[in-house]
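Nothing fancy with the numbering, it's 1 onward along the sequence.
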Amino acid sequence: MKHPIPLALGAVLLWASLATLGALTRSLPPFFVVGVSLCVGSLLSIHRAKEWKVPPLTALAGVYGLFGYHFLLFFAFRHAPALEANLLNYLWPLLIVLLSPWFRPGIRLNHRHILGGALGFIGAGLIVTGGQLALSQQYLPGYLLAIAAAVVWSTFSLLLGRLPAFPGSAMGGFCLASGLLALLCHALFEPAVNPSAAQWATLALLGLGPMGGAFFLWERALRLGDPRQIGSLSYSTPLLSTLLLTASGQGHLSPLASVAILLILGGALLGTLPARSRAAAGAS
């Protein structure tokens, strides 16, 4: 059996490339980017398309997660400033940690998980906002949409461990259905586009990586692993994303980022350290 932590880290690393690759498609409408990327991502398991047939509730859960999350997030960006919306979106790792006991019988939270999740969220907030946060009541609809997106992704992630067993290749079917719905949104809400050859290549990379391959790794990780640990690790996504942007010359690290790095790494360490057994605790 594969270990869940490397699978989760693989998904996080792929998601970290989203901002760098997304910058190359900035001129394209977001629903078009999501739709094409998810459709490309579905090709990763097209050779096992027969396994895409799953019970209706499982299929609905897959579309709820992949399409619902992106739909809410992109409308949040339309109704609120990107920094604040993105910060609220990054509530999802904390929600995975906090909601774990409701979705996974036998799982309990302790002070390490809660403190680790809180430190991770603060660190992610510093990375995403640069320490400049200005919440305004006029953007309340956008904030609520961003929080709803975080709720959708966290509950979908936790549902992966509760759904009846299904082949991991079925994620390709979820990607295709969600991609087609995103392209429908593009046709309804966005202007027609004519991407360049370089942009088509970037869309293909998005589909193979953060908008496709990452979902296959994430599904396996959440099925096999402890969501409290995986949720804590997920806060490294904005950190790694910032480092990649810096390495590619599209961003820079501020002094505040050093504090954020310590908070994120400390939170991840607290959330992923194995709990001591009662026997070991009694012997110490």
- Is there a side-chain contact between Pro227 and Leu222, using heavy atoms and a 4.5 Å cut-off? yes
- Query: Between Phe31 and Phe75, how do the two ring planes meet: parallel, tilted or perpendicular, split at 30° and 60°?
  - Reply: tilted
- Scan side-chain atoms only and decide if Trp15 and Ser234 contain a donor-acceptor pair under the 3.5 Å cut-off. no
- Message: Pair Leu99, Thr155 - check side chain to side chain contact (heavy atoms under 4.5 Å, CB included), show working.
- Response: CA-CA 8 Å; Leu99 295 176; Thr155 52; 4.1 Å; yes
- Carefully, step by step, assess Val54 and Phe174 under the rule side chain to side chain contact (heavy atoms under 4.5 Å, CB included). CA-CA 10 Å; Val54 293; Phe174 303 159; 4.1 Å; yes
- Item | Side-chain touch Pro30/Phe77, heavy atoms, less than 4.5 angstrom | no
- Distance, nearest 0.5 Å, that separates CG of Leu13 from OG1 of Thr237: 8.5 Å
- Can you name the closest pair of heavy atoms from Asp226 and Arg228 and give their distance? OD2-NH2, 2.6 Å
- Take atom CG of Leu184 as the centre, draw a 6.0 Å sphere, and report whether it contains more than 12 heavy atoms from other residues, nucleotides or ligands. yes
- Message: Checking the side chain of Ser236 only, and the main-chain atoms of Leu233 only, is there a donor and an acceptor separated by less than 3.5 Å?
- Response: yes
- Euclidean distance, Asn194 CG relative to Trp200 CH2, rounded to 0.5 Å: 8.5 Å
- Item | Non-hydrogen side-chain atoms of Phe67 and Val34 separated by less than 4.5 Å | no
- Item | Residues in side-chain contact (heavy atoms from CB on, under 4.5 Å) contact with Pro167, at least two apart in sequence or another chain | Glu51, Ser169
- Task: For the residue pair Pro55 and Phe166, establish whether any side-chain heavy-atom pair is separated by less than 4.5 Å.
- Result: no
- Message: For a quick test of reading the model, state the closest non-hydrogen atom pair linking Leu217 to Ala11 and the distance between them.
- Response: CD1-N, 3.7 Å
- Note on the structure: CD1 of Ile46 to CG of Leu176, rounded to nearest 0.5 Å, is 7.0 Å
- Query: Applying the 4.5 Å side-chain criterion to the ILVMFWY set and letting contacts propagate, would Val193 and Leu183 be lumped into a single cluster?
  - Reply: yes
Between side-chain atoms of residues 156-163 and protein atoms elsewhere (two or more places apart, or another chain), which donor-acceptor pairs fall under 3.5 Å?
from	atom 1	to	atom 2	distance (Å)
Ser157	OG	Trp153	O	2.8
Ser157	OG	Trp218	NE1	2.9
Arg162	NH1	Phe103	O	2.8

- Hey, is the main chain of Gln199 close enough, under 3.5 Å, to the side chain of Ser196 for a donor-acceptor pair? yes
- Note on the structure: Closest heavy-atom pair, Gly142 versus Ala76, reported as atoms and distance to 0.1 Å, is O-CB, 3.5 Å
- Rounded to the nearest 0.5 angstrom, the OG-CG distance for Ser42 and Leu66 is 11.0 Å
- Query: Is the backbone of Val151 close enough, under 3.5 Å, to the side chain of Ser154 for a donor and an acceptor to pair up by distance?
  - Reply: yes
- Hey, quick one: are Leu72 and Leu60 part of the same hydrophobic cluster, counting side-chain heavy atoms closer than 4.5 Å, chains of contacts allowed? no
- Query: What about Leu140 and Leu73, same hydrophobic cluster or not, with Ile/Leu/Val/Met/Phe/Trp/Tyr joined at side-chain heavy-atom distances under 4.5 Å?
  - Reply: no
- Note on the structure: Nearest heavy-atom approach of Trp52 to Ser45 is NE1-OG, 3.0 Å
- Query: Who are the side-chain hydrogen bond (donor to acceptor under 3.5 Å, both in side chains) partners of Glu190, not counting sequence neighbours?
  - Reply: His186
- Query: Considering all heavy atoms of both residues, which atom of Pro191 and which atom of Pro29 are nearest to each other, and what is their separation?
  - Reply: O-CG, 3.9 Å
- Message: Arg104: which residues meet the salt bridge (charged side-chain N to carboxylate O under 4.0 Å, His left out) condition with it, sequence neighbours left out?
- Response: none
- In chain order, what residues pass the ring pair (Phe, Tyr, Trp, His ring centres under 6.0 Å) check against Tyr64, with sequence neighbours excluded? none
Determine all donor-acceptor pairs shorter than 3.5 Å in which one atom belongs to a side chain in residues 203-214; sequence neighbours excluded.
none

- Where do Phe74 and Phe189 land on the ring pair (Phe, Tyr, Trp, His ring centres under 6.0 Å) test, with the steps shown first? CA-CA 12 Å; Phe74 284 127; Phe189 305 122; over 10 Å; no
- Message: Return the CD1 to CG distance between Ile230 and Leu9, rounded to the nearest 0.5 Å.
- Response: 9.5 Å
- Roughly how far apart are Phe215 CZ and Cys175 SG, rounded to 0.5 Å? 6.0 Å
